[in-house]
2 protein chains.
Amino acid sequence: MAAALTRRQIVETADRLFYENGFGATAFADIAASIGISRGNFYYHFRTKDEILDAVIGLRLQKTEALLADWEKQAETPRDRIRRFVHILVANRAKIMLYGCPVGTLCSELAKLDHLALGRAGELFALFRSWLSRQFDALGRSADADALAMHLLMRSQGVATLAAALRDEGFIEREVQAMNLWLDAQCPAIPPPTI
Amino acid sequence: MAAALTRRQIVETADRLFYENGFGATAFADIAASIGISRGNFYYHFRTKDEILDAVIGLRLQKTEALLADWEKQAETPRDRIRRFVHILVANRAKIMLYGCPVGTLCSELAKLDHLALGRAGELFALFRSWLSRQFDALGRSADADALAMHLLMRSQGVATLAAALRDEGFIEREVQAMNLWLDAQCPAIPPPTI
DNA sequence: GTCTATAGCCTGATAGAC
DNA sequence: GTCTATCAGGCTATAGAC
């Protein structure tokens with residue numbers, strides 16, 4: 001039963017280190033040292049580094065699904081739900097300024113490595129994309145819901161990349177405000193209640 | 001005199017390989033093999049890998065300055081100049097879909113490595129930023145010229161990151177069109193000529 | 001200036017004791 | 001399940017022949 005715990009520790013620590021230092025720059029020794037296990041123990045749980053990457057992406061997919069389901073439950077209107085998405089830039093700004101977006105930077109690295117896992121990592125974007133698309137659809141923008149979802153994803157990626165490159169915190173807040181204004185402009189005026 | 005040639009070959013090849021495969025994933029052996037020189041010869045021109053990175057950033061800064069000066073000369077109006085900037089996404093879309101933006105991906109990697117050269121790499125963004133800012137200023141938007149410049153930089157970064165992650169070419173074209181529409185909306189209406 | 005040879009370290013991965 | 005010991009191979013960097 002201790003196996004399940006150790007395995008989970010490995011995946012969660014790898015998740016953090018892949019984000020903070022990059023996949024290629026993270027060695028088994030780093031993960032092992034951070035948990036307090038030996039490098040040898042590693043291979044009882046995973047046979048290769050790529051298997052760990054796969055487990056990390058799986059964990060992120062799982063966490064993302066839970067996050068989106070939570071937003072769906074917590075927020076009442078599609079507009080408020082989309083605002084939750086925009087707000088992660090503010091909530092995570094400290095880490096974003098240091099390491100960028102966990103999804104975007106992983107995909108960028110895997111693209112350069114021509115790594116097979118790029119497809120699976122892209123599913124993380126696909127989750128946000130289809131969720132946002134459904135919100136825009138519910139907002140009455142069914143014709144261009146997917147384009148609006150991609151546009152918002154694009155802006156969040158641009159903000160994260162530039163904020164990390166220039167280490168500029170104020171920039172995040174200004175662009176988040178612009179994103180919220182843009183979002184309001186996409187919402188059709190709500191008809192006044194008929195009394 | 002052959003030294004200058006070899007040195008230039010090293011920097012230009014490193015520039016390409018850092019872009020295509022990443023800084024960390026590019027070994028001296030890769031650069032040497034691509035040029036056709038020995039690994040040992042390397043250290044006659046550069047003492048460390050970081051020195052090569054510095055030279056690569058220097059080359060990119062130089063090329064960027066030349067590019068911006070060329071746009072300044074080729075295009076007549078500020079609006080046309082800014083459109084030149086937007087157009088690089090289309091002109092380089094094949095490579096962008098494979099490797100993302102050369103500036104953004106390098107900065108992302110250096111940020112994770114906590115590399116000292118991040119500051120110098122950020123100067124590449126600063127060049128585009130101040131150039132774009134001057135164009136918006138000339139467009140009559142002196143009050144928010146810098147914010148508009150950052151906004152456009154942000155969008156180009158978002159487009160490059162997402163296009164590379166999802167390997168989606170149509171997305172680049174749609175967003176470039178949206179960027180051009182946005183740009184037109186920022187231009188104050190040109191008063192009709194007084195006859 | 002460019003080469004070959006090699007040092008010294010770190011990497012992912014394996015074998016086998018406990 | 002976890003450990004120690006170890007392997008083969010890759011890396012940056014150096015030394016010295018030509």
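Order of the sequence lines fixes the chain letters, A, B, ..., with proteins taken first and strands second; residue numbering starts at 1 for each chain. What you see is a predicted model; the values in this text were computed from it and never measured.
- Of the N and O atoms on the side chains of B/Gln74 and B/Arg84, not one donor lies less than 3.5 Å from an acceptor on the other residue.
- Atom-to-atom, CZ of B/Phe42 to P of C/dT6 comes out at 22 Å; the value is rounded to the nearest Å.
- Using cut-offs of 30° and 60° for the angle between ring planes, the A/Phe28 and A/Tyr43 rings count as tilted.
- Atom OH of A/Tyr44 and atom P of C/dT14 are 16 Å apart (whole Å).
- Donor-acceptor pairing under 3.5 Å is lacking for the side chains of A/Arg83 and A/His87.
- Distance check, rounded to the nearest 0.5 Å: NZ of A/Lys95 to CZ of A/Arg16 gives 7.0 Å.
- In terms of phosphate contacts, B/Thr6 brings no side-chain nitrogen or oxygen within less than 4.0 Å of OP1 or OP2 of C/dG1.
- Judged purely by distance below 3.5 Å, without hydrogens or angles, the side chains of A/Thr77 and A/Asp80 pair a donor atom with an acceptor atom.
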(request) Scan nucleotides 3-18 of chain D nucleotide by nucleotide, 5' to 3', and note B when protein non-hydrogen atoms come under 4.0 Å of the base, S if they reach only the sugar-phosphate, - if neither. (result) BB------SSBB----

